[in-house]
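Position 1 is the first residue of the sequence; numbering continues from there.
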Amino acid sequence: MKKIVFTLALMLGVVGVAQAQGDVEAGKAKSATCAACHGPDGNSPIDMYPKLAGQHASYLAKELVDYKAAATGGEGRANAIMGGMAMPLSEQDAADLSAYFASQAITPIATPEEAVEQGAALYQGGDIERGVTACIACHGPRGEGLEAAKFPSLAGQHPKYIAEQLHLFRTGERNNDPNGMMRSIAAKLTDQDIDVLSQYVAGLH
């Protein structure tokens, strides 16, 4: 918990750094190439690709910057497809695209009944014995995340995509989480934990 509080304070402390202001209409015009995987309004019809609709603009912009950084040999988020897509984007392009997708409404997803009890217990309370921090601490009671800290919204996201990201954090293949926070948490999750959590949080709204 101390690690999370420190990370949150650190991230909130840099919020004041100047960033490009996104233009929704400009972002819509630039989003045509994104539609094949993410849908024209950011509601991806393919569950291996994330929904971008309704996601925090600050988080989306951060991920685009991280993709570009990794693609150019720096520290970031390595992904063969998104690295190539992010490479030609300017800071303004990233801001515009992020503003557009953030302005769209995400389509809801229902949580399977069998995942509610166990998912709620782990999401809301964590597991003290295993040192698993409650997800609610950063992602909020309704899975809404925290814009200022760039903690993503998870509500309405494809469960398959959420599960895949947790697996990647657990193996360390995804490592663009501040202070290794998600890697530390995911390392303590079982496959069953990941399955029920991804189904539970996707249905929050």
Side-chain angles (χ1 to χ4, degrees), residues 1 3-16 19 21-22 24 27 38-39 41-44 47 49-66 77 94-95 97-113 115-127 132-166 168-169 174 176-179 181-186 189 193-205:
M1 180 58 76
K3 192 173 186 180
I4 288 178
V5 172
F6 171 77
T7 301
L8 179 57
L10 179 64
M11 296 185 77
L12 288 174
V14 299
V15 169
Q19 296 179 336
Q21 293 299 307
V24 172
H38 299 289
D41 64 347
N43 282 292
S44 174
D47 63 7
Y49 299 129
K51 293 182 182 181
L52 306 180
Q55 186 57 266
H56 301 306
S58 62
Y59 176 76
L60 292 175
K62 171 192 176 296
E63 296 305 293
L64 287 173
V65 169
D66 286 354
R77 182 176 177 182
L97 286 167
S98 299
Y100 169 64
F101 286 119
S103 73
Q104 304 302 296
I106 194 168
T107 53
I109 289 179
T111 298
E113 188 64 34
V116 173
E117 184 176 353
Q118 186 180 353
L122 195 54
Y123 183 85
Q124 297 173 13
D127 189 318
V132 177
T133 303
C135 312
I136 196 173
C138 293
H139 295 288
R142 308 309 307 168
E144 69 274 23
L146 183 60
E147 170 84 45
K150 299 182 179 67
F151 294 154
S153 170
L154 302 177
Q157 186 58 263
H158 292 304
K160 181 176 180 178
Y161 178 76
I162 296 174
E164 176 64 15
Q165 298 314 300
L166 287 173
L168 291 175
F169 278 128
R174 179 173 174 182
N176 69 324
D177 50 324
N179 292 333
M181 182 167 55
M182 281 305 305
R183 280 171 284 170
S184 176
I185 294 172
L189 298 177
D193 291 335
I194 290 176
D195 183 55
V196 297
L197 273 175
S198 60
Q199 292 185 66
Y200 173 75
V201 71
L204 293 176
H205 53 78

Determine the minimum heavy-atom distance between [X] and [Y], stating which atoms define it.
X      : Y      : value
Val196 : Gln118 : CG1-OE1, 3.8 Å
Phe101 : Leu60  : CB-CD1, 3.9 Å
Glu63  : Asn176 : OE1-ND2, 3.1 Å
Ser103 : Val24  : OG-CG1, 3.7 Å
Ser98  : Ala61  : OG-N, 3.1 Å
Ala102 : His56  : CB-C, 4.4 Å

Next on the checklist: List the residues meeting salt bridge (Lys or Arg N to Asp or Glu O under 4.0 Å) with Asp193, not counting sequence neighbours, and say none if there are none.
Outcome noted: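 Partners of Asp193 by the salt bridge (Lys or Arg N to Asp or Glu O under 4.0 Å) criterion, ordered by chain and then number, come out as Arg130.
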Item to check | Partner set under salt bridge (Lys or Arg N to Asp or Glu O under 4.0 Å) for Asp66, not counting sequence neighbours | outcome: Lys62
Say you draw a straight line from [atom1] of [X] to [atom2] of [Y]; how long is it, rounded to the nearest 0.5 Å?
X      : Y      : atom1 : atom2 : result
Asp41  : Thr107 : CG    : OG1   : 7.5 Å
Leu189 : Ile194 : CG    : CD1   : 5.5 Å
Glu144 : Ile136 : CD    : CD1   : 8.0 Å
Asn43  : Gln157 : CG    : CD    : 9.5 Å
Gln165 : Asp177 : CD    : CG    : 11.0 Å
Ile109 : Leu204 : CD1   : CG    : 11.0 Å

Next on the checklist: List the residues meeting side chain to side chain donor-acceptor pair (under 3.5 Å) with Tyr49, not counting sequence neighbours, and say none if there are none.
Outcome noted: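 With sequence neighbours excluded, Tyr49 shows a side chain to side chain donor-acceptor pair (under 3.5 Å) to no residue whatsoever.
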Indicate yes or no for a side-chain donor-acceptor contact from [X] to the backbone of [Y] under 3.5 Å, with no hydrogens or angles considered.
X      : Y      : answer
Arg183 : Phe169 : no
Ser184 : Met181 : no
Ser58  : Glu147 : yes
Gln55  : Ser153 : yes
His158 : Ser44  : yes

Item to check | Full working for side chain to side chain contact (heavy atoms under 4.5 Å, CB included) between Lys51 and Tyr161 | outcome: CA-CA 9 Å; Lys51 293 182 182 181; Tyr161 178 76; over 6 Å; no
Item to check | Residue pair Met182, Leu166: steps toward the side chain to side chain contact (heavy atoms under 4.5 Å, CB included) verdict | outcome: CA-CA 8 Å; Met182 281 305 305; Leu166 287 173; 3.7 Å; yes
Checklist entry - Would a 4.5 Å heavy-atom cut-off, applied to side chains only, mark Leu197 and Cys135 as touching? => result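 A side-chain contact under 4.5 Å exists here.
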